[in-house]
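The analysis underlying the following values was restricted to heavy atoms, covering all of them including side chains, and did not include hydrogens, waters or symmetry mates. Throughout, a chain's letter reflects where its sequence line sits, starting with A, and its residues are numbered from 1.
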Amino acid sequence: MFRQTQDQSLRPLTTAHLAQTMSLLVLSNQELHDRVITELSSNPALELLDERICPGCHKPLSSAGPCPVCSRQVEGEEPIVFLSPRDSYRPSRKRTLEDQPLDQEPAAPEDLSVYVMRQLAADLKPEDRNVAVYILASLDEDGFLTSPPPYIAQATRSSLPQVMRVIDLIYKADPVGLATDGPRQTLLVQLDQLGEGEEPHCELARQLLRESFSELGRREYDKIALILGISPAAVKEAAAFIHDNLNPYPARAYWGSGRQPQPGDSNVYHTPDVMISRNPSVNDGPLMVEIFSSISGWLRVNPLFRQAMPEANEEQSDEWSEHLEKANLFVKCIQQRNNTMQRLMGLLVSQQSDFILEGARFLIPMTRAQIAGEIGVHESTISRAVANKSVAMPNGRIIPLAKFFDRSLSVRDRIKEIVENESKPLTDDVIASLLQEEGIKIARRTVAKYRAVEGILPARLRGARKLSQAA
DNA sequence: CTATGGCACGGATT
DNA sequence: AATCCGTGCCATAG
């Protein structure tokens with residue numbers, strides 16, 4: 001279920017066209033967004049429309065192709081589909097507690113306020129919009145408010161309840177706990193979002209945050225225990241729970257994990273370029289692919305500019321036609337890019353549906369070259385299309401698109417399972433022969449390599465770990 | 001002596 | 001042409 005803008009590729013391509021399509025293809029959607037913005041501001045022949053009006057009946061058009069109302073065909077040099085804000089990505093709340101993906105690669109960094117704003121768009125009343133913008137813009141780098149709510153109300157000429165309402169919405173958006181007055185409140189908000197009472201530690205954790213936050217920061221667990229009259233062990237457990245599941249600095253958060261920032265990690269937000277989801281209304285329904293853009297609206301060559309061309313005087317003429325040509329090229333290139341991405345994703349979901357739905361084990365090894373052959377483009381095109389992109393899977397995980405082409409993923413997954421279920425530590429040799437019986441023939445040395453990739457300790461050390469766990 | 005990690009080589013992939 | 005990947009050989013730690 002994705003909109004296909006086929007047939008574009010039948011048009012003859014100039015070398016300039018090809019070159020630019022390539023350079024656009026490597027970009028992640030976020031980077032493309034920036035690119036479009038600069039192009040728009042430097043080229044008067046381009047325009048971005050909020051919505052597209054059918055030239056026939058003057059009703060807004062929502063998708064490519066003929067007008068649904070008067071079925072008039074809109075001519076071809078026209079716009080590219082950009083998704084409406086409604087389609088923008090919203091992470092599910094659940095993910096916060098799930099085990100964290102170790103496999104994330106740096107994806108497109110995005111301005112935090114833009115990201116949050118997009119989530120808010122649907123829930124926000126029109127009159128609250130500028131309040132939200134103001135608040136998000138004035139957050140400091142840790143994601144905290146820089147001025148108290150009454151001040152914000154004054155600055156935005158709104159009421160205090162209004163401001164509080166917006167702040168409450170921002171609390172709940174991802175990353176959870178933004179726009180608080182400090183780490184303590186952030187942690188409390190995150191605690192609320194985790195779901196009531198499910199966790200036995202929640203209540204105690206809440207109490208710790210409320211009543212002995214400063215002691216908590218200094219790790220004076222014994223002192224806290226004394227004050228609150230609880231066992232030091234319980235305090236430590238609750239502290240560990242907070243540490244593991246909450247993040248006092250929401251603006252430094254990561255996708256899918258409440259982990260604390262660690263040195264060496266890059267503080268990057270992961271916004272997927274593509275989302276694969278299953279239609280929730282239909283059981284076992286088809287997989288849907290959405291390709292995101294951080295711009296909504298329609299990009300096209302400004303028809304007025306085109307009409308004005310003949311009126312240009314001598315010295316303008318050259319410049320204008322250059323603009324026009326560039327604009328035309330740009331639009332076509334982006335169309336081309338979208339087209340390639342759509343066809344690529346279409347092929348991936350149909351061939352790897354087991355992997356998408358069931359997990360890493362079911363990834364069928366494939367190479368970019370194969371895909372290129374099936375689509376009928378050059379291999380380097382697929383390479384570029386795959387590079388720097390991330391995909392949100394139906395289960396909410398965000399993975400690099402390149403993972404689809406990881407030849408050893410399924411084997412590594414199998415090894416992981418073998419190790420998890422082993423009763424006593426198995427050596428690499430044994431694991432290798434086990435895999436052999438399953439028809440997977442790899443060398444012992446390779447098992448060792450995969451173990452390393454997965455962060456699994458060697459057999460000897462695994463033994464030690466189990467002993468200490470038992471004790 | 002056994003299990004593992006380092007290095008480097010050759011073939012495949014990009 | 002550059003890079004990645006699986007593997008064999010060898011040194012080393014236990």
Side-chain angles (χ1 to χ4, degrees), chain A residues 9 13 15 18-28 31 102-108 273-274 336-337 339-341 343-348 351-352 355 360-391 399-468:
Chain A
S9 53
L13 307 178
T15 51
L18 212 57
Q20 191 171 12
T21 309
M22 287 311 171
S23 71
L24 291 181
L25 196 55
V26 264
L27 303 179
S28 70
E31 290 159 336
L102 297 165
D103 42 43
Q104 288 182 357
E105 305 253 321
D273 299 284
V274 179
Q336 189 75 51
R337 178 186 186 276
N339 188 14
T340 307
M341 287 302 294
R343 290 208 281 167
L344 169 63
M345 291 313 298
L347 216 55
L348 287 183
Q351 294 194 3
Q352 301 285 10
F355 163 61
R361 190 83 40 80
F362 302 92
L363 178 67
I364 306 162
M366 51 161 63
T367 69
R368 303 173 221 277
Q370 284 171 25
I371 298 292
E374 290 180 54
I375 296 188
V377 295
H378 196 273
E379 313 172 355
S380 67
T381 307
I382 300 297
S383 285
R384 291 180 160 95
V386 168
N388 301 317
K389 308 288 190 307
S390 56
V391 189
I399 63 170
L401 188 51
K403 249 203 157 62
F404 279 80
F405 299 93
D406 186 333
R407 276 173 284 158
S408 57
L409 192 69
S410 60
V411 185
R412 293 207 309 269
D413 192 57
R414 181 75 190 108
I415 291 179
K416 222 179 353 180
E417 192 185 68
I418 290 177
V419 172
E420 272 166 22
N421 297 336
E422 73 191 0
S423 46
K424 69 178 183 16
L426 303 173
T427 68
D428 293 346
D429 250 326
V430 180
I431 295 178
S433 57
L434 274 174
L435 291 172
Q436 203 95 59
E437 289 166 21
E438 295 184 25
I440 306 169
K441 45 185 199 307
I442 54 171
R444 172 240 115 211
R445 187 66 190 79
T446 311
V447 175
K449 281 268 162 83
Y450 288 171
R451 250 193 326 101
V453 172
E454 295 294 338
I456 302 173
L457 293 169
R460 201 177 322 130
L461 299 177
R462 292 209 299 276
R465 189 202 64 201
K466 293 217 161 134
L467 284 179
S468 72

Check: With sugar-phosphate meaning primed atoms plus P, OP1 and OP2, does A:I442 contact a base, only sugar-phosphate, or nothing at under 4.0 Å between heavy atoms?
Finding: sugar-phosphate
Note to self: If you compare every side-chain N and O of A:R451 against the phosphate oxygens of B:dG5 (OP1, OP2), does one of them come in below 4.0 Å?
What the structure shows: yes
Item checked: Length of the CD1-C1' vector between A:I456 and B:dT4, whole Å -> 15 Å
Check: Rounded to the nearest 0.5 Å, how far does CD of A:E438 lie from CD1 of A:I418?
Finding: 5.5 Å
Next item on the list: Report the nucleotide, chosen from C:dG8, B:dT14, C:dC9, that has the shortest atom-to-atom distance to any side-chain atom of A:A443.
Entry: C:dG8
Next item on the list: Figure out the CG/C1' separation between A:L435 and C:dG6, and round it to whole Å.
Entry: 14 Å
Notebook entry, point to check: Does A:D428 use its side chain to pair, donor to acceptor, with the backbone of A:R444 at less than 3.5 Å?
Noted result: no
Check: Once you round it to whole Å, what is the distance between P of C:dG6 and NZ of A:K441?
Finding: 13 Å
Checklist line | Spacing between A:L461 atom CG and B:dG5 atom C1', to the nearest angstrom | finding: 12 Å
Checklist line | Most 5' of A:A448 and A:F405 on DNA chain B, judged by nearest nucleotide | finding: A:A448
Next item on the list: Among C:dG6, C:dG8, B:dT4, find the nucleotide with the atom closest to the side chain of A:A459.
Entry: B:dT4
Checklist line | Side-chain touch A:T381/A:T21, heavy atoms, less than 4.5 angstrom | finding: no
Note to self: Heavy-atom nearest nucleotide on DNA chain B for A:R444 versus A:Q370: which residue maps closer to 5'?
What the structure shows: A:R444
Check: Within the structure, does a side-chain N or O atom of A:R368 lie under 4.0 Å from either OP1 or OP2 of B:dT14?
Finding: yes
Next item on the list: Figure out the CG/P separation between A:D429 and B:dC1, and round it to whole Å.
Entry: 16 Å
Item checked: Closest nucleotide among C:dC9, B:dT14, B:dA3 to the A:T427 side chain -> B:dA3
Margin query: Donor-acceptor pair, distance only, cut-off 3.5 Å: does the side chain of A:R451 make one with the backbone of A:I456?
Written below: yes
Next item on the list: State the NZ-CZ distance between A:K389 and A:R384, to the nearest 0.5 angstrom.
Entry: 10.5 Å
Checklist line | Atom-pair distance (CG on A:N388; P on B:dT14), nearest Å | finding: 16 Å
Margin query: With a cut-off of less than 4.0 Å, is there a side-chain N or O of A:S380 near OP1 or OP2 of B:dT14?
Written below: no
Checklist line | Whole-Å gap separating C1' (C:dC5) and CZ (A:R407) | finding: 6 Å
Margin query: I'd like to know if A:R361 and A:D413 make a salt bridge, using a cut-off of under 4.0 Å between side-chain N and carboxylate O.
Written below: yes
Distances for protein N/O vs nucleotides 8-10 of chain B N/O pairs under 3.5 angstrom?
none

Notebook entry, point to check: Checking only heavy atoms, does the side chain of A:R445 share a donor-acceptor pair with the base of B:dG6 at less than 3.5 Å?
Noted result: yes
Notebook entry, point to check: Ignoring hydrogens and geometry, is there a side-chain-to-backbone donor-acceptor pair from A:R337 to A:L27 under 3.5 Å?
Noted result: yes
Next item on the list: Would you give the length of the straight line joining atom CD of A:E437 to atom OG of A:S433, rounded to the nearest 0.5 angstrom?
Entry: 6.0 Å
Note to self: Can you measure A:D406 atom CG to C:dC4 atom P for me and round it to whole angstrom units?
What the structure shows: 13 Å
Margin query: Please tell me if A:Y450 has a side-chain N or O lying less than 4.0 Å from either OP1 or OP2 of C:dC5.
Written below: no
